[in-house]
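Worksheet for the structure shown next.
Letters A, B, ... are given to chains in the order of the sequence lines, protein chains preceding strands, and every chain is numbered from 1.
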2 protein chains.
Amino acid sequence: MPKRKPTIANEARIPTMADIARIAGVSASTVSRALAGLPPITEETRQRVAQAAKEAGYAVNRHARSLRLKRSRLMLVLIPNLANPNFPDLLMHIDQAAYDCGYDIMIAHIAVDPHRSDRYVDELLAGSIDGVLLTSNYCPPRILECIAAGRRMPIVRTLSPTPNLDGISGVQIDEVKAAYDVVDHLAKQGYKRIAHLGGPPKEAVAIARKQGWKLALADHGLPSSRDLFIQAGFRIEDGRQAAARISGMPPRPDAIFCSNDESAYGLIAALKEQGLRVPQDIAVAGFDDLSFSNVMDPPLTTVRLPRRDMAELSVRKLKALIEDETENDITVLAHELVVRASSLKT
Amino acid sequence: MPKRKPTIANEARIPTMADIARIAGVSASTVSRALAGLPPITEETRQRVAQAAKEAGYAVNRHARSLRLKRSRLMLVLIPNLANPNFPDLLMHIDQAAYDCGYDIMIAHIAVDPHRSDRYVDELLAGSIDGVLLTSNYCPPRILECIAAGRRMPIVRTLSPTPNLDGISGVQIDEVKAAYDVVDHLAKQGYKRIAHLGGPPKEAVAIARKQGWKLALADHGLPSSRDLFIQAGFRIEDGRQAAARISGMPPRPDAIFCSNDESAYGLIAALKEQGLRVPQDIAVAGFDDLSFSNVMDPPLTTVRLPRRDMAELSVRKLKALIEDETENDITVLAHELVVRASSLKT
DNA sequence: TAGGTTTACGCAATCGATTGCGTAGATGCA
DNA sequence: TGCATCTACGCAATCGATTGCGTAAACCTA
C-alpha cells in the first residue's frame with residue numbers, strides 16, 4: 001500500500017464533466033444527459049458514465065449549472081430572530097421540506113441588521129436566488145417597490161400574517177381568532193379581570209392578538225380598560241419586568257393572556273418570586289406552544305401553531321411560484337388551543 | 001405618471017454587466033473593475049458606472065462570479081438537531097459572523113437523514129461550496145476518507161469535541177472538566193449520592209460528561225456505582241422518563257447531574273409531579289445554560305457554553321482555512337459554571 | 001439495394017463575470 | 001519635435017454545464 005504524502009501534486013484537480021467524458025470515452029454532452037437521465041442515451045453508456053463519475057468522485061458544479069440554467073434551486077429564508085424558539089422549529093421543517101423539493105436554503109438572520117436583507121433582495125432580483133421565504137412581518141423595501149410596480153415575485157411569507165399587502169403569498173393562521181379562543185377559554189373558566197401582556201407594538205402578530213383579546217372580552221361583557229393592557233415585548237425578560245407592574249395593580253387581574261409563550265415564562269417566574277401562585281392567584285396563558293411550555297410549573301395554556309404545516313406548505317408554495325405560474329394567494333391554517341394547568345380554576 | 005401594467009414586455013430582463021457597460025459607455029471589464037474598486041479606473045468613470053448600476057438595479061450574478069473565481073463565499077453548516085436550543089443560538093452567531101466575513105451560509109439539518117450530508121460533501125469536493133462547519137460529532141464518511149488520504153480540507157467542527165480524529169480544526173470546551181466542575185460543586189454542597197443522567201451513549205459530549213462525573217466522584221471519594229448511572233438521552237422526554245426510575249431507587253440519589261439542560265427540564269417536571277421537591281429532596285444540575293434554565297422552578301444550575309465565541313471563532317477559523325493556508329488546530333475555550341437554586345443545600 | 005426513418009451521440013454556442021495582455025492617447029523629458 | 005513612459009481602458013479567453021442542431025450508423029421497407 002503506497003503511503004500518500006500530502007503534496008501539491010497530490011491534490012487532485014477537481015474533475016469536470018469533460019474529465020468524466022474522457023474517462024468514459026464519450027462527449028461532455030453525453031455525460032450531462034446520462035447523469036440527468038435524459039432520453040437519447042443507451043443504458044450501457046449511462047452505466048459507464050455513472051461508473052466513471054463515481055470513481056472520479058465527480059459532482060456537478062452548482063454554479064456552472066445555475067449560470068447556464070438561470071436557476072439555482074436556492075431559496076433564501078429571512079429570519080428575524082432565532083433566539084425565539086418558534087423560528088428554529090419552523091426553520092427545521094422548512095429545511096426538510098426544501099430538501100424534499102430539491103432545493104437548498106440559505107439563511108439570513110436580520111435581527112442585528114435589517115438592512116442586511118437588501119443585499120439578498122438584489123440577489124433575488126439579479127437571479128442568483130430563486131425565491132425568498134419571509135418568516136416575519138418585515139419585508140425589504142425593494143421588494144415592496146417591485147410589487148407596487150406590478151412585478152410578479154417568488155416570495156412567500158409565513159408565521160406572521162400579511163396585514164395590508166398584496167402580491168405576496170402567505171401561509172398563516174387566523175391570529176385574531178386564535179387570541180380570541182384563548183381569552184374566551186379564560187372567560188369561560190370564570191376569570192373576570194383578564195389582562196393582556198402585549199408584544200412589540202408594531203409587530204403584526206402582536207396587534208392581531210391584542211385585537212382578539214379585545215373582541216373576546218367584549219363578547220363576554222368583560223372590561224378591556226386601558227389598565228388591563230400591559231405593554232411588554234416577546235422576550236422572557238419582557239415578561240419578567242411586567243410582573244412588578246401587575247402585582248402592584250390596585251385591583252389585580254385574575255388572569256393574563258400573554259402575547260407569546262416566552263413572555264409568559266418570564267411573567268410566571270417573576271410572579272412566583274413575588275409569592276403569587278399560578279393559577280390560584282392569577283392565571284396565565286401564552287401563545288406559540290413552545291416545547292418548554294409543557295415543563296413549566298404550572299404547564300402553560302397556549303395556542304399551538306401548526307409550524308410544520310406552515311413550513312411545508314410555504315415551501316411548496318414557493319416552489320410552485322418559482323417553477324410554474326401559480327398565482328399569489330393566502331392560505332389560512334387551523335390552530336389549536338392547548339389547555340393546561342396554568343389557566344384552570346382549581 | 002404612466003400607469004404600469006404587468007405584462008411580459010414589462011418584465012424587464014435582468015441586467016448584466018454588459019448592460020451596465022452599455023449604459024455607462026464603457027466595456028464590461030471596466031464595469032467589473034469599477035464595481036470591485038480595482039486600480040486602473042478614473043474616479044469619474046467609477047462614479048458613472050456605479051450610478052448606472054444603481055439605476056438599473058444591477059447586482060453581480062453570484063453563480064457567474066463563483067464559476068469564474070472557483071470560489072463561492074459560501075459556507076455550509078451541518079446541524080444535527082435544531083430542536084435543541086443550543087443549535088439555533090449557535091447558528092445565529094455563526095450566521096452573523098459569516099456575514100461579517102463576507103460569506104453566506106447554507107444549512108443542512110441532518111436529524112432526519114444523515115445520509116443527506118453526503119450530497120453536500122460532494123459539493124464541497126466539487127468546489128461548489130468553500131467550506132463546511134460541523135456542529136456535532138458526526139462527520140460524513142467521505143470526508144474521513146479524504147482526510148485519511150492526507151487531503152487538506154476546509155472544515156471546522158464546533159460545539160462537540162473531536163474525540164480521536166486528526167485533520168479537522170475545532171473550537172470546543174473541555175467537556176470533561178466542565179462536567180467535573182458541576183459534580184465537584186454538588187459534592188462540595190454536601191451531596192453524597194450523586195447520580196448521572198447520561199446522554200446518547202455514542203455522542204462524544206455524552207461520553208465526556210460521563211467521564212467528568214466519574215472523575216469528580218473519585219476525587220471526592222464518592223461512589224459512582226453502576227446504579228448511579230442512568231442511561232437516558234438529550235430530550236425533555238428522556239428526562240421525564242428517567243424520573244420514574246430514579247424515584248423508585250432503593251437508596252435514592254440526593255443529587256443528579258444531567259448531561260444537558262433539556263433532559264434536566266423533563267426530569268425536574270416529572271420529579272415534581274411525583275411529589276419530590278427540588279433541591280430539598282433531590283438536587284439537579286444540567287449542562288448548556290439554555291435561556292429557559294433561568295425561568296425553571298427552581299432555576300437550574302448548569303454550565304454555560306461560550307456559544308457566541310465558539311461560533312465566531314469557528315467561522316473565522318474556517319475563513320482562514322479557506323483563504324489562507326492556515327493549518328488545522330483545536331482551540332479550547334473557557335466554560336463557566338452557573339450556580340442556581342436547583343443545586344443549593346437549603 | 002436504394003431511399004427513408006430512427007437511434008445515439010458529438011459540436012459548438014451559451015450563460016455572466018473576471019483578468020492577462022494589448023493599445024490608443026496623454027504626458028514627460030530632452 | 002521625437003521618443004519613451006504611463007494611464008485608462010478594451011479585447012478575448014476562461015470557468016463548467018447545458019442544449020439545439022447536425023450527422024453517422026443502424027435499421028426498415030419496397
So B:Val26, base contact, sugar-phosphate only, or nothing? Heavy-atom distance under 4.0 Å. sugar-phosphate

Considering every strand and a 4.0 Å limit on heavy-atom distances, what is the contact class for B:Thr45: base, sugar-phosphate, or nothing? sugar-phosphate

Nucleic acid footprint by protein, nucleotides 11-16 of chain C - heavy-atom cut-off 4.0 Å, B for base, S for sugar-phosphate alone: B-BBBB

With distance as the sole criterion, is a donor-acceptor pair present between the side chains of B:Gln47 and B:Gln51 under 3.5 Å? no

Whole-Å distance separating the [atom1] atom of [X] from the [atom2] atom of [N]:
{"X": "B:Leu38", "N": "C:dG20", "atom1": "CG", "atom2": "P", "result": "10 Å"}
{"X": "A:Arg22", "N": "C:dG10", "atom1": "CZ", "atom2": "P", "result": "14 Å"}
{"X": "B:Arg73", "N": "C:dA17", "atom1": "CZ", "atom2": "P", "result": "17 Å"}
{"X": "B:Arg46", "N": "D:dT7", "atom1": "CZ", "atom2": "P", "result": "15 Å"}

If you round to the nearest 0.5 Å, how far is CD of B:Gln96 from CD1 of B:Ile105? 10.0 Å

Report the distance from atom CD of B:Glu312 to atom CD1 of B:Ile94, rounding to the nearest 0.5 Å. 10.5 Å

Would you mind reporting whether A:Asp104 and A:Ser72 have side-chain heavy atoms less than 4.5 Å apart? no

Any side-chain heavy-atom pair from A:Leu91 and B:Ile107 closer than 4.5 angstrom? yes

Does C:dC9 have OP1 or OP2 sitting under 4.0 Å from an N or O in the side chain of A:Thr42? yes

Near B:Arg48 CZ, under 6.0 Å, is it more than 12 heavy atoms from other residues, nucleotides or ligands? yes

